[in-house]
Colleague: 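The structure under discussion is supplied below as structure tokens; questions concerning it will follow.
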Amino acid sequence: MIDMLMNQTDYLATIQEIKSEIKKAQYRATVKVNSELLLLYYHIGQAINRHKVWGNKFIENLSRDLRMEYPDAKGYSVRNLKYMAKFAALFPEKEIVQEVLAQLSWYHVVTLMDKVKERPVLLWYAKQNVENGWSRNVLVHQIESNLYARQATADKISNFENRLPAPQSELATQMMKDPYIFDFIPFKADMLERDIENAMVAEVTKLLLELGAGFAFLGNQYHLNVGGEDFYLDLLFYNLKLRCYVVIELKTGDFKPEYAGKLNFYLTAVDNILKTEQDAPTIGLLLCKGKNDLIAEYALRDINKPIGISEYRITEEIPEKFRQQLPSIEDIKNRIGK
């Protein structure tokens with residue numbers, strides 16, 4: 001009986017191993033086919049550009065002839081051929097196409113060309129897409145939420161450089177955004193921190209997407225007992241890239257220096273209670289509705305734990321300039337009364 005159980009266990013483990021290898025092979029095959037298609041489109045685009053003096057009629061004739069020759073093949077419409085020409089003109093260096101863009105689908109590349117005007121920014125989004133495995137819809141969302149400005153070029157407030165060893169300090173800084181966009185949270189007037197926190201937990205998949213790759217959600221109002229007293233962390237994560245715990249505290253108002261002190265205490269507690277020798281130092285992230293950068297910088301200067309401070313936005317909130325144009329409740333009541 002024991003031998004049968006052991007054989008069954010070995011069999012199931014073997015099946016899982018084989019399934020895993022099949023999936024890996026399928027993925028490699030898909031990437032290979034996609035890469036070859038991108039390179040084919042790139043070469044077609046180069047050929048079109050070499051004869052661009054022939055004008056649009058050339059592309060129309062080429063489209064007709066290719067579709068006649070390959071009736072079962074898709075992708076040879078006039079519109080798509082023009083995209084191929086644009087693709088080849090935008091990236092004359094074949095190495096970039098092979099190393100970065102060929103890892104994306106053609107639909108991703110077309111989306112990038114449509115929505116991103118500057119080549120360095122386009123390549124940044126392409127590399128982020130390869131790293132994070134975004135679907136086309138997620139890519140569109142990241143572009144429309146201006147992720148590049150929020151993550152790559154934002155002036156971020158943290159003490160990571162002075163409190164973390166390299167390369168973790170660089171990775172932690174790259175991880176940060178300012179502001180964070182929580183457009184999945186339904187805005188309500190006078191929201192409390194707990195309201196926002198509960199909305200985040202209810203849509204934790206969307207929250208993880210906004211935080212970035214590598215975050216694993218461990219809990220909200222995470223309980224820690226220190227010296228016989230109970231403390232509760234707003235949100236606790238583990239980041240697989242940084243190999244560390246990440247504590248996030250939410251504030252519905254502007255940043256205040258005492259917030260950094262409290263988070264510093266929480267990080268010390270997590271380092272002593274949860275962190276193991278294999279984990280890097282715990283990182284804290286304060287998310288506030290607003291902040292004065294100079295006050296935030298001063299507050300972090302003598303804090304001994306790694307903390308970043310960012311703002312957040314709930315985009316359903318009506319901007320002030322539009323809110324002023326809307327009728328008040330009293331106006332509506334008066335109109336109804338008439």
Side-chain angles (χ1 to χ4, degrees), residues 121 124 128 132 142 145-183 185 191-193 196-197 200 207-215 217 220 233-239 241-271 275 280-315 317 319-320:
V121 180
W124 184 86
Q128 290 293 312
N132 294 283
Q142 300 290 19
S145 69
N146 204 7
L147 180 65
Y148 177 76
R150 296 188 295 117
Q151 185 170 342
T153 62
D155 291 328
K156 302 171 185 177
I157 306 298
S158 78
N159 61 0
F160 295 154
E161 184 177 354
N162 298 321
R163 297 294 181 267
L164 293 171
Q168 193 190 25
S169 58
E170 290 87 349
L171 289 173
T173 302
Q174 292 169 14
M175 171 196 78
M176 278 186 66
K177 302 177 179 70
D178 195 7
Y180 285 82
I181 305 296
F182 302 134
D183 55 0
I185 297 178
M191 289 185 81
L192 302 174
E193 282 112 358
I196 299 173
E197 179 189 322
M200 287 179 171
L207 171 61
L208 292 173
L209 176 62
E210 176 60 12
L211 291 178
F215 278 88
F217 178 62
N220 67 308
L233 315 180
D234 284 350
L235 296 159
L236 181 65
F237 298 85
Y238 192 87
N239 189 282
K241 289 186 175 182
L242 297 171
R243 294 291 173 185
C244 71
Y245 290 97
V246 180
V247 178
I248 294 182
E249 287 290 297
L250 291 164
K251 301 298 175 185
T252 54
D254 290 344
F255 169 78
K256 295 179 181 179
E258 53 263 36
Y259 296 158
K262 184 177 181 182
L263 182 53
N264 189 71
F265 167 78
Y266 285 162
L267 300 183
T268 299
V270 171
D271 277 342
K275 177 180 173 293
T282 304
I283 290 173
L285 184 58
L286 264 172
L287 300 183
C288 304
K289 197 65 183 293
K291 71 178 186 306
N292 180 302
D293 287 354
L294 186 59
I295 292 175
E297 289 174 1
Y298 276 19
L300 293 184
R301 188 165 295 177
D302 294 321
I303 291 286
N304 63 0
K305 293 293 184 182
I307 293 175
I309 303 171
S310 292
E311 296 182 0
Y312 65 86
R313 298 281 184 271
I314 300 175
T315 55
E317 181 179 1
E320 183 65 31

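Side chains are part of it too, since the values below use all heavy atoms of this structure and drop only hydrogens, waters and symmetry mates.
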Colleague: Which value, rounded to the nearest 0.5 Å, describes the distance between Phe217 atom CZ and Phe237 atom CZ?
Modeller: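 Taking CZ in Phe217 and CZ in Phe237, the distance rounds to 5.5 Å.
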Colleague: Going by heavy atoms in the side chains, are Leu211 and Asn239 under 4.5 Å from each other?
Modeller: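 Not touching, per the 4.5 Å side-chain cut-off.
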Colleague: Is the shortest heavy-atom distance from the side chain of Ile309 to the side chain of Leu300 under 4.5 Å?
Modeller: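 Ile309 vs Leu300: side chains touch.
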Colleague: Which residues pass the side chain to side chain contact (heavy atoms under 4.5 Å, CB included) test with Glu170, sequence neighbours left out?
Modeller: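 Glu170 satisfies side chain to side chain contact (heavy atoms under 4.5 Å, CB included) with Ala166, Pro167, Gln174 once adjacent residues are dropped.
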Colleague: Applying side chain to side chain contact (heavy atoms under 4.5 Å, CB included) to Ile185 and Met191, what does each step give before you reach the verdict?
Modeller: CA-CA 11 Å; Ile185 297 178; Met191 289 185 81; 3.9 Å; yes
Colleague: Do Pro281 and Gln168 come close enough that some side-chain heavy atom pair is under 4.5 Å?
Modeller: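 They are in side-chain contact.
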Colleague: Students often mix this up, so state it plainly: with edges at 30° and 60°, are the rings of Tyr312 and Phe182 parallel, tilted or perpendicular?
Modeller: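 Tyr312 vs Phe182 ring planes: tilted.
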Colleague: Show me, pair by pair, the donor-acceptor contacts under 3.5 angstrom made by side chains of residues 241-261, not counting sequence neighbours?
Modeller:
from: Lys241; atom 1: NZ; to: Glu131; atom 2: OE2; distance (Å): 2.2
from: Arg243; atom 1: NE; to: Leu240; atom 2: O; distance (Å): 3.2
from: Glu249; atom 1: OE2; to: Asp234; atom 2: N; distance (Å): 2.8

Colleague: Looking at residues at least two apart in the chain, or sitting in another chain, which of them share a side chain to side chain contact (heavy atoms under 4.5 Å, CB included) with Asn292?
Modeller: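 Leu294, Ile295.
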Colleague: Residues two or more places apart in sequence or in another chain: which of them pass side chain to side chain contact (heavy atoms under 4.5 Å, CB included) with Arg150?
Modeller: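 Gln142, Ser145, Leu147, Lys177, Pro179, Ile181, Glu210.
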Colleague: About how many Å separate CG of Leu267 and CZ of Arg163, when rounded to the nearest 0.5 Å?
Modeller: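 Output value for this atom pair is 12.0 Å.
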Colleague: At what distance, to the nearest 0.5 angstrom, does CD1 of Ile303 lie from OG of Ser158?
Modeller: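 Taking CD1 in Ile303 and OG in Ser158, the distance rounds to 13.0 Å.
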Colleague: Go through the structure and list residues passing side chain to side chain contact (heavy atoms under 4.5 Å, CB included) with Asp271, not counting sequence neighbours.
Modeller: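 Asp271 satisfies side chain to side chain contact (heavy atoms under 4.5 Å, CB included) with Lys275, Thr282, Lys305 once adjacent residues are dropped.
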Colleague: Taking the side chain as everything from C-beta on, heavy atoms only, tell me whether Asp178 gets closer than 4.5 Å to Lys291.
Modeller: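 Answer yes - side chains close enough.
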Colleague: When rounded to the nearest 0.5 angstrom, what is the spacing between NZ in Lys262 and CG in Leu286?
Modeller: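 With rounding to 0.5 Å, NZ (Lys262) is 10.0 Å from CG (Leu286).
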Colleague: Which residues satisfy the side chain to side chain donor-acceptor pair (under 3.5 Å) test with Asn264, sequence neighbours excluded?
Modeller: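 Asn264: side chain to side chain donor-acceptor pair (under 3.5 Å) contacts with Asn304.
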Colleague: Can you tell me how far CG of Leu164 sits from CG of Asn159, rounded to the nearest 0.5 angstrom?
Modeller: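 Nearest 0.5 Å value for the CG-CG distance: 7.5 Å.
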Colleague: Heavy atoms, side chains only, cut-off 4.5 Å: are Leu285 and Leu235 in contact?
Modeller: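 SC-SC contact between Leu285 and Leu235 ruled out.
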Colleague: What pairs with Tyr298 under ring-ring contact (aromatic ring centres under 6.0 Å, His included), at least two apart in sequence or on another chain?
Modeller: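 Listed in chain order: nothing, the list is empty.
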Colleague: Just verifying a value: how many Å separate Tyr180 OH and Ser310 OG, rounded to the nearest 0.5 Å?
Modeller: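 Rounded to the nearest 0.5 Å, the OH-OG separation comes out at 5.0 Å.
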Colleague: Please indicate whether Glu193 has more than 12 foreign heavy atoms, meaning atoms of other residues, nucleotides or ligands, lying under 6.0 Å from its CD.
Modeller: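 Atom CD in Glu193 is crowded, with more than 12 foreign heavy atoms closer than 6.0 Å.
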Colleague: Is Gln151 close to Lys156 at the side-chain level, that is, under 4.5 Å between some pair of heavy atoms?
Modeller: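 When only atoms from C-beta onward are counted, Gln151 and Lys156 do touch, with a gap below 4.5 Å.
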Colleague: Checking Glu311 now: which residues fulfil side chain to side chain donor-acceptor pair (under 3.5 Å) with it, not counting sequence neighbours?
Modeller: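 Glu311: side chain to side chain donor-acceptor pair (under 3.5 Å) contacts with Arg313.
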Colleague: Would you please name every residue forming a ring-ring contact (aromatic ring centres under 6.0 Å, His included) with Tyr266, sequence neighbours left out?
Modeller: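 With neighbours one apart ignored, the set is empty.
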